[in-house]
Amino acid sequence: MKKKAKKSTRVTSEAGPGKKNNVNKPWGGRFKQKTARSVEKFTESVSFDHRLAMCDIEGSMAHARMLGRQGIIPKGDVSKILKGLAGIASDIERGRFLFKEELEDVHMNIETELIKRIGSAGGRLHTARSRNDQVALDLRLYLRGESDNLSGLLKDLEREIVKQAEKHLDTVMPGYTHMQRAQPVLLAHHLLAYVEMFERDRERLTDARKRINVLPLGSGAMAGTSLRIDRKFVAKELGFASVSNNSMDSVSDRDFAIEFCFAAGLVMAHLSRMSEELVLWNSEEFSFVSLPDAYATGSSIMPQKKNPDVPELARGKVGRVYGNLMGLLTTMKGLPMTYNRDLQEDKQPVFDTVDTLNGTLQVYVDMFPRLRFNSERMAMVASQAYSTATDVAEYLVGRGMPFREAHEVTGNIVAHAVAAGKQLEDLGIKDFLKYSGLFKPDVLKCLSARASVNSRNSEGGTSSRQVALQLRRIKAKLSR
Ligand code: ARG
């Protein structure tokens, strides 16, 4: 979908003048009473589904072309319909279209307006179509566009993270387990871990897109149609890879939307993990990173404060995205075949998920290149807390000692250093020899954080060599 409805969309809830019954409703024929105001208010969806307007028009245009091509409606009427719809699209884009609550949803608003503008030709558009297959189509078109958009934004963010990683191929920092300093790593390695997560997220979005990209139109209300339509033509017109197999399934299933929300939920989970680290790292206690002023906010009472509200909000917004997923799953649970009005509840969670991801990714794409990592501080902290003890144990393994024994011996050395108030690097060869005769003076070379990093040269490890390989692989993927 190229065009989007303007934000300034106007929706009015004023009742039309002097209507005694439902003659103003496209489905009003069998009704003798005017719909109650409370029911109109309760059942309307146009206040939010107006966001599907451009998809609705795109779908209607393809449908009309097909109807003309099949000789189901006159070609002259097709031209009128296309022109009328184009006019409506341009009015919507300019914020000049007034959506009416009494007309319930985006579909009936557009169709009613079309008939108003072009007369009876407009009344032929809904031939061989129901709002049930129409709304399923609109949502699929919408989500196809949005998932492409979000994949693009994710890629942008990955590129920004990669750029920071490239700047920090030499920055040694402490790696953590249990929030305790564990083993030194390269900051680039740490950052690229997030790129791996986001790569999988992109794969998931692309995979969900395959199931989004199926044409439901032509399913009619639920059983198909007696008219000789050409669904493959419509699919081709709208860029769908295939047409749905079962009309009952395609008007009632929303698992494509649920899958999208799940993929989105994981994007947010990953963003929130990264956000949590930025909040911690930006604290005085860590001081590993500083957020640019433009991306932080102040306190209304404490003049000294510079708060990491952006990552905090990103972390917080995960809740609503998970909530949207749970809401949608719950709406679908136990729905009998086929279309039920419950399905109208699918839209707000989907829209909110799209908006939340868009907003969060955009601010991260903006902010990430402006983060300043404090390399000296990270290196200093990495060299403390005995984080090279595993290297000492692996040194002993290299000299033939079974790992369990080496672990024990090294543990004793650490305890000795702790008692003496020293770091491992402060110990001499004599201290080591007290615990094992296998030590040689070269053990002192494996005590620095940098030596430790570079010794971890196993595939996917944190050595400079391995991280450079990772970087090359990921850059190749991102350049596609
Ligand atoms: N606004 C409706 C929805 O979002 C459109 C389909 C209505 N179909 C119907 N038969 N009432 O699901």
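Whatever order the structure lists ligands and atoms in, that order sets their numbers, starting from 1. For this chain, numbers begin at 1 and follow the sequence in order. All values below were derived from every heavy atom in this structure, side-chain atoms included, with hydrogens, water molecules and symmetry-related copies excluded. Every value quoted in this text rests on a predicted model; they were computed, and no experiment measured them.
- Looking only at protein heavy atoms, the nearest one to atom 2 (C) of ligand 1 is Gln344 OE1, 3.3 Å.
- Distances from ligand 1 to the non-hydrogen atoms of Gln134 include no value under 4.0 Å.
- Within 6.0 Å of the NZ atom in Lys83, the count of heavy atoms belonging to other residues, nucleotides or ligands does not exceed 12.
- More than 12 heavy atoms of other shown residues, nucleotides or ligands fall within 6.0 angstrom of atom CD in Glu277.
- No donor-acceptor pair closer than 3.5 Å links the side chain of Lys347 to the backbone N or O of Leu52.
- Residue, atom and distance of the protein heavy atom nearest to atom 3 (C) of ligand 1 are Tyr339 OH, 3.2 Å.
- Ser130 places a side-chain N or O within donor-acceptor distance of the main-chain N or O of Asn132, the cut-off being under 3.5 Å.
- No side-chain donor from either of Gln470 and Arg473 sits under 3.5 Å from a side-chain acceptor of the other.
- Atom 11 (N) of ligand 1 has its closest protein heavy atom at Arg131 NH2, 3.5 Å.
- Residue Ser45 has at least one heavy-atom neighbour below 4.0 Å for each of these atoms of ligand 1: 1 (N).
- Judged by distance alone, the side chain of His63 and the main-chain N or O of Gly59 form no donor-acceptor pair under 3.5 Å.
- Close approach of ligand 1 to Asp105 is summarised as follows: ligand atoms under 4.0 Å from at least one heavy atom of the residue are 1 (N), 2 (C), 5 (C).
- The protein non-hydrogen atom at the shortest distance from atom 4 (O) of ligand 1 is Lys347 NZ, 2.6 Å.
- Heavy atoms of Asn132 found under 4.0 angstrom from ligand 1 belong exclusively to the side chain.
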